[in-house]
Amino acid sequence: QVQLVESGGGLVQAGGSLRLSCAASGSIFNINDMAWYRQPPGKQRDLVASITRSGATNYADSVKGRFTISRDNAKNTVYLQMDSLKPEDAAVYFCNADIRSYSRPYVQGYWGQGTQVTVSS
């Protein structure tokens with residue numbers, strides 16, 4: 001069984017920083033792309049940033065220059081450093097990863113349970 005566990009959310013003032021972490025565990029053979037999504041209350045879940053296994057990154061326009069995604073392949077972990085936070089960044093942040101497990105001969109997408117980020121103005 002594969003699972004993703006996020007941590008690092010919380011309450012921060014506008015202009016502050018938070019660092020999210022997401023660790024994958026279980027019967028993992030290989031992890032391809034990893035990503036962070038966010039979902040504000042009453043809105044759809046949108047991509048924030050993604051990173052390939054080799055480290056190529058992609059960002060939503062709204063977070064470029066403020067957020068940085070990175071990963072540690074040895075630890076099966078992806079991070080999201082969020083700086084200069086704005087009230088509109090408040091949302092539940094979800095980790096996503098494309099994982100090939102030992103029990104299945106194909107890549108499957110997995111989601112974490114989400115972590116709340118609240119930004120006060």
Side-chain angles (χ1 to χ4, degrees):
Q1 186 73 10
V2 173
Q3 63 175 349
L4 301 180
V5 178
E6 298 114 334
S7 61
L11 172 64
V12 64
Q13 287 189 333
S17 298
L18 282 175
R19 189 189 194 212
L20 306 183
S21 299
C22 172
S25 63
S27 182
I28 296 171
F29 175 77
N30 181 269
I31 302 179
N32 295 336
D33 293 357
M34 305 184 83
W36 289 96
Y37 287 73
R38 67 185 181 187
Q39 186 170 19
K43 297 186 178 181
Q44 67 181 23
R45 188 177 301 186
D46 290 325
L47 177 68
V48 175
S50 64
I51 185 167
T52 67
R53 182 170 181 81
S54 61
T57 59
N58 179 58
Y59 295 93
D61 287 342
S62 60
V63 306
K64 283 181 181 177
R66 300 188 297 120
F67 290 11
T68 303
I69 189 171
S70 60
R71 65 190 285 175
D72 185 333
N73 291 331
K75 296 182 178 179
N76 291 336
T77 300
V78 62
Y79 306 96
L80 186 67
Q81 177 67 41
M82 304 186 293
D83 299 319
S84 303
L85 281 160
K86 304 175 181 180
E88 52 263 43
D89 294 319
V92 178
Y93 282 71
F94 296 90
C95 171
N96 174 268
D98 293 332
I99 297 175
R100 165 84 185 275
S101 68
Y102 283 104
S103 61
R104 292 176 176 155
Y106 52 84
V107 175
Q108 180 174 346
Y110 291 86
W111 291 93
Q113 81 286 355
T115 185
Q116 179 70 50
V117 171
T118 303
V119 184
S120 63
S121 56

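Computed from a prediction, not measured in an experiment: that's the story for all the values here. Numbers here simply count residues along the sequence, with the first being 1.
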Gln81 CD to Arg66 CZ distance, which is reported to the nearest 0.5 Å:
12.0 Å
Quick note, side chain to side chain donor-acceptor pair (under 3.5 Å) partners involving residues 8-28, not counting sequence neighbours, are Ser17-Asp83
Met82 pairs by side-chain contact (heavy atoms from CB on, under 4.5 Å) with which of Val12, Val117, Ile69, Val48?
Val117
Test your reading of the model: is there a side-chain donor-acceptor pair from Asn32 to the backbone of Ala97, 3.5 Å cut-off?
no
In terms of side-chain geometry, is the basic nitrogen of Asp61 or Lys64 positioned less than 4.0 Å from the acidic oxygen of its partner?
yes
When every non-hydrogen atom of Val78 is compared with those of Ser70, the smallest separation belongs to CG2-O, 3.2 Å
How far does OG of Ser101 sit from CD of Gln1, to the nearest 0.5 angstrom?
9.0 Å
Side-chain heavy atoms under 4.5 angstrom apart, residues restricted to Ile, Leu, Val, Met, Phe, Trp, Tyr: same cluster for Trp36 and Phe94?
no
Quick check against the 3.5 Å criterion: does Glu6 have a side-chain atom that pairs as donor or acceptor with the backbone of Cys95?
yes
Quick one: side chains of residues 50-57, donor-acceptor pairs under 3.5 Å with protein atoms, not counting sequence neighbours, listed by atom name and distance.
{"from": "Thr52", "atom 1": "OG1", "to": "Ser54", "atom 2": "N", "distance (Å)": "3.4"}
{"from": "Thr52", "atom 1": "OG1", "to": "Ser54", "atom 2": "OG", "distance (Å)": "3.1"}
{"from": "Thr52", "atom 1": "OG1", "to": "Gly55", "atom 2": "N", "distance (Å)": "3.3"}
{"from": "Thr52", "atom 1": "OG1", "to": "Ala56", "atom 2": "N", "distance (Å)": "3.0"}
{"from": "Arg53", "atom 1": "NH1", "to": "Ile31", "atom 2": "O", "distance (Å)": "3.2"}

Nearest-0.5 Å distance, CG of residue Leu47 to CG of residue Asn58
6.0 Å
What's the shortest heavy-atom distance between Leu4 and Gln113, and which atoms?
O-OE1, 3.5 Å
Taking every heavy atom of Ala24 against every heavy atom of Ile99, the minimum-distance pair comes out as CB-CD1, 4.2 Å
Consider only side-chain heavy atoms of I, L, V, M, F, W and Y, link residues closer than 4.5 Å, and tell whether Val2 and Met34 are in one cluster.
yes
For Val107 and Arg100 the tightest heavy-atom approach is CG2-CB, 4.2 Å
Taking every heavy atom of Ser121 against every heavy atom of Ala14, the minimum-distance pair comes out as CA-CB, 4.3 Å
State which residues pass ring-ring contact (aromatic ring centres under 6.0 Å, His included) with Tyr37; sequence neighbours excluded, sorted by chain then number.
Trp111
Parallel, tilted or perpendicular, as decided by the 30° and 60° cut-offs, for the rings of Phe67 and Tyr93:
tilted
Kindly say whether Gln108 contributes a backbone atom to a donor-acceptor pair with the side chain of Arg104 at under 3.5 angstrom?
no
Working note: Thr68 + Leu80, criterion side chain to side chain contact (heavy atoms under 4.5 Å, CB included); need CA distance, chi angles, decisive distance, verdict.
CA-CA 6 Å; Thr68 303; Leu80 186 67; over 6 Å; no
Answer with yes or no whether the hydrophobic clustering places Leu20 together with Tyr59; edges join I, L, V, M, F, W, Y residues whose side-chain heavy atoms lie under 4.5 Å apart.
yes
Closest heavy-atom pair, Arg38 versus Ala91, reported as atoms and distance to 0.1 Å, is CB-CB, 3.8 Å
